Every structure is written in structure tokens, then in C-alpha cells.
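Everything on this sheet refers to the single structure shown next.
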Amino acid sequence: MTTPIRIAVAGPRGNMGQEAVKLADRTEHFDLRAVIDSKNNGSRLKDMAGMPELDIPVYTDIHQCFQENEIDVLIDLTNPETGRKHLEAALVHGVAPVVGTTGFTEADIEKLSSEAEKKQVGVVIAPNFAIGAVLMMKFSKMAAAYMPDVEIMEMHHDRKLDAPSGTAIKTAELIKENREPHKQGHENETESLAGARGADIDGMKIHSVRLPGMVAHQQVMFGGAGQTLTIKHDSINRESFMPGVQLAVEYVVANKVLTYGLENIM
């Protein structure tokens, strides 16, 4: 019999947090013990509007949550600022964090890796938990070895705060491993409107679109002599991220290291 994984979810009222609560509730070997919310301290999850009928505590203080409950894994799908604070708090208490946020530098990852190793706690940080999106990134890395002229277009809902997306940046980082830096387009190209060609990473261009009605979408477009290749992924709803979250939770309890990017556990 599998030992249940005891879970806390941060941001249960957010779109992603709601899906994480549902995942923890419906998965047989997951045991949802508590949620961390920016308000509603001391109430029960079932008393919060739109939440499932679960009699579990709500905390605004993450340290209090970890002190009063035995938690194996924290799922945090909030925002970069909050996610970073929660990750650091989890490490203090020996809780394995699964964090879906962006903004971590190489120096951050190195420092957090050292801390995770010292604490013997697993950590997963993933810009994107959609398995299809991770496959898109893997395929793009493969294609870049043969078609090094590439542009990335990422499209998200209009409530997204950061641009470009973490997925687009991670895609570019993976492509860099198989692509020599070089300027794309005409050598004398100019922008008549600043920013028209998008952000630049090693000569690759990244374009960001923000519109209502979208969730998360990305196209990686390669061009070569007489041909183009487009690798595309669409998340139609936020449930699409949950199989990847489940994979990360199961992985993080068994692997006491920091892993950056879902592609490293697939």
C-alpha cells in the first residue's frame, strides 16, 4: 500500500490553486492537509466561496501551517514573489516544495540547490507543468541542431504579469544548447517602431501576446532553405497542468535534490 503524500496548497483561490486543490483531493495517494491563503486565516476550506467541501484548515502564515501540520510537499502555483518566499519557508521546515513560477536566476538556482542538498529536501521548480509544453520544448531543442534560425511566439491571457513567459525563456535556454549565437534577419535590419522585432536572446526573437480568452499557448517557428517548421502547444484550460504537477509531487518526495524544469524528470 502506498503511503499517502501529505500536501499543502498555496493560493487555493487562484485559478491554478483551485486546480491543485482538486488534484490533491481526487488523487488516491495524496492527502490534502492544509492550504495557505492571503486571507481567511483560521477558517476551513469548506467555508470559502467556490471551494470543495473539505474540512481542512486555512492559514495566512506559512510557518504556522508547517508547525501545526505534518506536510511532505508544498504545491505553490501563485506568483514569482510569493512562490520564492514560500519555497524558502518550506526549506526551513524540511518540506519539499513544488513551485510553478518564474524569475529564478542561475545564481538563485545554485544557492537553492545548495540549501536543498544541505537540508536533504527535494525541490521542483517548473516554468510550465503542461507535459505537452515540455515536449514542445524538448522537440524544439532537437530541431535547433538542424534549423538554427528560430523565433518564439508565446500567447497568454491578459492577466499574466510577466513577459516573456517563463516557458518561452526556458525554451530559448534549451535551444541555446544546440544553436550557435547569431543575428537573424537582414544584417541592416532596423525597427521603425521600437520593440517590433521582440526580445532578443542570442539572436533569437521572442514575441509576447496578451489577450482575453487565451490560457497559455506557444509556437516555436524554425526557418530554413525552402521550408519552415512550427512546433505548437496549446493549454485549453488549467487542468492541463495537473498531470505535470502530480508527476512533480511524486518525484520530489523520492529525490532529495533541486530540479529545475519538468523536462528533467520526464
Side-chain angles (χ1 to χ4, degrees), residues 10-11 14-17 19-20 74-88 90 97-113 123-141 144 150-177 179 198-202 204-211 214-221 231-245 247-249 251-252 258-266:
N15 291 326
M16 288 288 283
E19 292 297 334
L74 168 70
I75 300 175
D76 186 294
L77 307 173
T78 55
N79 58 65
E81 182 180 359
T82 302
R84 182 187 293 267
K85 291 178 181 176
H86 286 172
L87 188 159
E88 292 172 351
V98 169
V99 179
T101 190
T102 58
F104 291 94
T105 65
E106 289 184 12
D108 291 332
I109 297 299
E110 187 175 333
K111 179 181 176 182
L112 291 167
S113 293
V123 178
V124 171
I125 301 171
N128 197 319
F129 280 107
I131 288 174
V134 176
L135 291 172
M136 169 195 63
M137 289 188 273
K138 281 178 170 280
F139 298 156
S140 297
K141 177 181 176 180
V150 53
E151 303 210 0
I152 299 169
M153 178 177 288
E154 57 93 353
M155 298 155 281
H156 285 79
H157 55 89
D158 60 342
R159 307 308 296 168
K160 186 171 177 60
L161 297 177
D162 57 320
S165 68
T167 299
I169 294 171
K170 183 66 175 177
T171 303
E173 289 173 350
L174 290 172
I175 287 173
K176 282 169 63 176
E177 296 178 23
R179 175 187 179 275
D200 188 291
I201 297 182
D202 277 358
M204 288 179 279
K205 299 297 184 180
I206 301 180
H207 311 269
S208 297
V209 174
R210 299 290 177 265
L211 287 172
M214 290 184 165
V215 178
H217 317 265
Q218 182 168 293
Q219 297 182 23
V220 187
M221 296 166 281
I231 302 172
K232 179 183 177 185
H233 176 262
D234 298 287
S235 281
I236 308 304
N237 57 48
R238 290 171 178 84
E239 188 179 358
S240 64
F241 303 107
M242 292 307 110
V245 173
L247 180 66
V249 169
Y251 178 88
V252 81
L258 185 147
T259 303
Y260 179 61
L262 198 65
E263 71 279 1
N264 294 308
I265 64 176
M266 285 176 58

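The structure displayed is predicted, hence computed values, not measured ones. Computation of the quantities below employed the complete heavy-atom set of this structure, encompassing side-chain atoms and omitting hydrogens, waters and symmetry-equivalent molecules.
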* Mind checking whether V150 and I175 have side chains closer than 4.5 Å, heavy atoms only? -> yes

* Step by step, would you call I75 with V245 a side-chain contact (heavy atoms from CB on, under 4.5 Å)? -> CA-CA 8 Å; I75 300 175; V245 173; 4.0 Å; yes

* Can you tell if the side chain of D162 reaches within under 4.5 Å of the side chain of K160, non-hydrogen atoms only? -> yes

* Structure fact -> CG of L247 to CE of M242, rounded to nearest 0.5 Å, is 12.5 Å

* Got a sec, which residues hit side chain to side chain contact (heavy atoms under 4.5 Å, CB included) with S208, two or more places apart in sequence or on another chain? -> E154, A163, P164, R210

* **M266 side chain reached by L135 side chain, heavy atoms, under 4.5 Å** => yes

* Structure fact -> Taken to the nearest 0.5 Å, the spacing of D200 CG from K205 NZ works out to 4.0 Å

* **Any residue meeting salt bridge (Lys or Arg N to Asp or Glu O under 4.0 Å) with E151, in chain and number order, not counting sequence neighbours** => R197

* Asked: Which pair of heavy atoms, one from H233 and one from G132, lies closest together, and at what distance?
  -> CD2-C, 3.3 Å

* Does CG in L211 sit with more than 12 non-hydrogen atoms of other residues, nucleotides or ligands closer than 6.0 Å? -> yes

* Closest approach of V215 and H157, non-hydrogen atoms and distance? -> O-CD2, 3.3 Å

* Output the distance between atom OG1 (T259) and atom CD1 (I109), rounded to the nearest 0.5 Å. => 10.0 Å

* Quick one: closest heavy-atom pair of K170 and P127, and the distance? => CB-CG, 4.3 Å

* In Å and rounded to the nearest 0.5 Å, what is the NE2 to CG distance from H156 to D158? -> 12.5 Å

* Starting at CD1 of I231, measure out to CD of Q218 and round the result to the nearest 0.5 Å. => 10.0 Å

* Side chains of L87 and D76: does their closest heavy-atom pair fall under 4.5 Å? -> no

* To do: Go through the steps to decide whether I201 and K176 satisfy the test side-chain contact (heavy atoms from CB on, under 4.5 Å), and finish with yes or no.
  => CA-CA 9 Å; I201 297 182; K176 282 169 63 176; 3.8 Å; yes

* To do: If a pair satisfies side chain to side chain donor-acceptor pair (under 3.5 Å) and one of its residues is in residues 131-141, list it, with sequence neighbours excluded.
  => K141-E177

* Structure fact -> By side chain to side chain contact (heavy atoms under 4.5 Å, CB included), P243 pairs with (sequence neighbours left out) I131

* **Q219/M155 under side-chain contact (heavy atoms from CB on, under 4.5 Å): CA gap, chis, key distance, verdict** => CA-CA 9 Å; Q219 297 182 23; M155 298 155 281; 4.1 Å; yes

* Heavy-atom side-chain proximity of F241 to M16 below 4.5 angstrom -> yes

* To do: For the pair R179 (side chain) and D202 (backbone), establish whether a donor and an acceptor sit closer than 3.5 Å, ignoring hydrogens and angles.
  => yes

* Structure fact -> Applied to residues 98-111, the salt bridge (Lys or Arg N to Asp or Glu O under 4.0 Å) test, sequence neighbours excluded, yields R84-D108

* Which heavy-atom pair separates A248 from V98 by the least distance, and what is that distance? -> CB-CG1, 3.8 Å

* Structure fact -> Rounding to 0.5 Å, atoms CE (M221) and NZ (K232) come to a distance of 10.5 Å

* Worked check of side-chain contact (heavy atoms from CB on, under 4.5 Å) between N79 and L161 -> CA-CA 9 Å; N79 58 65; L161 297 177; 5.6 Å; no

* Asked: Heavy-atom distance under 4.5 Å between the side chains of L77 and F129, does that happen here?
  -> yes

* List for me each residue that meets side chain to side chain donor-acceptor pair (under 3.5 Å) alongside N128, sequence neighbours excluded, and say none if there are none. => T167

